[in-house]
Amino acid sequence: MSQVQASNSGAELNLRDDFPALLQEIHGHELVYLDSAASAQQPKSVIDTVARYQQHDHANVHRGVHTLSHRATEAYEGARDKLQGFINARSRSEIVLTSGTTESINLVAQSFCRPRLKPGDKVLITHLEHHSNIVPWQFVCEQTGAEMLVAPIDSRGQLELDALEQLLTDDVKMLAIGHVSNALGTINPLRKIISLARERDIPVLVDGAQAVPHMAVDVQELGCDFYAFSGHKMLGPTGTGVLFGKEALLDDMPPWQGGGDMILEVRFDGTVFNELPYKFEAGTPNIAGVIGLGAAVDYLEGISMDRIAAHEATLLDYLMQQLSAVDDLRLIGTAEHKASVQSFMLGDIHPHDLGTILDHQGIAIRTGHHCAMPVMDFFKLPGTARASLALYNSRDDVDRLCAAIRKAAAVFA
Amino acid sequence: MNTVASMNTDELRELYRELIVDHARTPRHFGALDTATHTAEGINPLCGDKLHLYLQIDTNGVINDAAFEGTGCAISLASASLMTDTIIGLHSKAAMAWFDQVTASLAGEQESIAHDKLNALQGVREFPSRVKCATLAWHALRCAINNDTTATKTE
Ligand SMILES: Cc1ncc(COP(=O)(O)O)c(C=O)c1O
């Protein structure tokens with residue numbers, strides 16, 4: 001909370017004009033978009049790239065000799081290269097393109113874990129996880145007789161590291177952990193946790209959906225085995241995502257779905273699978289979406305993830321400080337290390353009523369359980385109001401939010 | 001409610017009328033009903049709204065008592081409170097006639113609800129994402145009267 005002053009030192013970004021969707025009025029007020037953790041808006045460069053592709057270059061990938069197919073393939077595979085660079089994967093074979101974080105995690109649960117798990121084995125997750133990093137593990141545990149364990153959190157919404165370490169026993173065959181909590185904004189100390197897991201040869205999957213849009217991520221430096229994220233939270237189109245996996249592990253895994261593109265040779269008595277990463281990409285992919293995602297990477301890198309992180313850190317401090325100054329407002333999730341998200345409750349006003357009243361003042365926040373019901377249960381809340389920040393938000397947005405919250409309080413006063 | 005007026009958003013004032021805020025803050029007939037003969041559960045998974053409805057219906061089909069428990073937003077609590085207030089003393093068929101009116105009005109199929117207090121719910125119509133909050137209790141009512149024990153969902 002010490003960085004508020006830093007906002008005058010040039011760290012602030014002013015990018016609103018790059019995002020056409022932000023330049024509109026809602027209920028007669030300029031839109032303030034504070035729901036980027038659910039899905040981020042797209043810059044014009046992404047929208048234009050997708051439109052240009054649709055208008056000029058569209059064809060199926062990897063299968064035609066004609067010019068359009070060649071262009072589509074170049075652009076699609078070019079996006080894979082950009083994504084590889086973006087998270088610093090060692091090889092492009094380690095970048096499996098999926099429909100999003102959810103598919104990426106299910107892929108690992110079914111293709112990596114399911115053949116390996118036996119009754120009595122354990123899968124360790126944490127209390128902070130999004131449903132998409134819970135339910136796939138429940139499925140695979142049911143299928144194999146393995147057991148799911150949950151590492152506990154404290155009242156600030158931080159992992160209890162000692163307890164987590166104790167749970168990392170030899171029986172644990174997978175640690176699946178979020179990088180940043182979507183409900184609370186907690187940044188988990190991944191380097192430490194991953195090294196604890198690696199000392200015990202426990203593979204680690206990181207759900208990076210809420211990290212990748214907000215900070216530089218280097219999968220080699222982290223040392224994780226798998227890293228999953230979604231395109232639509234990092235300024236790209238919906239229906240796109242990535243599974244990073246270490247090549248040796250991906251090589252060893254059976255394909256996840258059968259179909260075209262994932263094979264080299266098909267005969268009725270057997271099939272030879274394609275090489276990585278195509279082995280995991282059955283069927284015609286979301287070509288336009290992935291190309292748009294490549295443009296999103298260009299946009300983010302053009303600004304630099306470090307500058308984005310600095311801008312958002314300053315803004316989050318300001319947001320927390322300003323929210324704390326509102327009467328009767330309680331912050332939910334006050335971890336020492338946080339990114340981009342603040343959940344809160346206003347008196348005994350139900351978050352949905354608050355959300356409706358803010359919407360009428362042009363302010364978009366998320367209300368509810370944020371697909372993290374165990375986190376809500378932990379705080380004994382049916383849901384929270386959540387403001388989430390992105391690179392295009394400003395202090396002005398925070399001020400508008402706080403003024404609108406005060407008006408909401410007056411409605412129920 | 002002056003501050004709401006100064007927002008210059010009439011619809012909002014329509015939604016959070018004094019009657020709604022009042023019923024949300026101090027819901028009538030809130031709690032369990034030991035003498036219940038019919039009960040039903042209503043769940044709105046999107047919002048996390050949950051309510052349990054209790055009815056005591058006599059052999060003539062008259063609802064002698066009604067109560068509800070649960071958690072929810074102002075709209076769903078107020079709706080449940082207004083509903084229980086309205087249906088106590090009514091024959092279950094008459095209660096179902098109000099169900100028809102409320103749901104038709106919120107679906108935009110009819111102009112208003114011919115009932116002073118229930119008509120306060122009508123403002124919800126301008127907020128499509130909130131209509132389910134307002135109808136939750138009413139769908140639970142239908143299930144309870146029909147002895148349908150599966151939990152109603154408004155999602
Ligand atoms: C932490 C986290 N994990 C996973 C997901 C799921 O992402 P998607 O719905 O894009 O697959 C989300 C998005 O809501 C998230 O915030």
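Naming convention: chains lettered A, B, ... in sequence-line order (proteins, then strands); numbering from 1 in each chain.
For A/D348 and B/R25, the salt-bridge test fails: no basic side-chain N is under 4.0 Å from an acidic carboxylate O.
A donor-acceptor distance shorter than 3.5 angstrom exists from the side chain of A/D353 to the backbone of B/A74, with no hydrogens or angles considered.
Both the backbone and the side chain of A/H352 come within contact range of chain B, judged by heavy atoms closer than 4.5 Å.
Around CD of B/Q110, the count of heavy atoms belonging to other residues, nucleotides or ligands within 6.0 Å exceeds 12. A 6.0 Å sphere centred on CZ of B/R28 holds more than 12 heavy atoms belonging to other residues, nucleotides or ligands. For A/F379, the CZ atom sits in a packed shell: over 12 heavy atoms of surrounding residues, nucleotides or ligands are nearer than 6.0 Å.
With values rounded to the nearest 0.5 angstrom, A/T356 atom OG1 is found 13.0 Å from B/E126 atom CD.
In terms of heavy-atom pairs under 4.5 angstrom with chain A, the leader among B/A24, B/G72, B/S129 is B/G72.
A heavy-atom distance below 4.5 Å is found between the side chains of B/D49 and A/H350.
A centroid separation of 6.0 Å or more is found between the aromatic rings of B/Y16 and A/H360.
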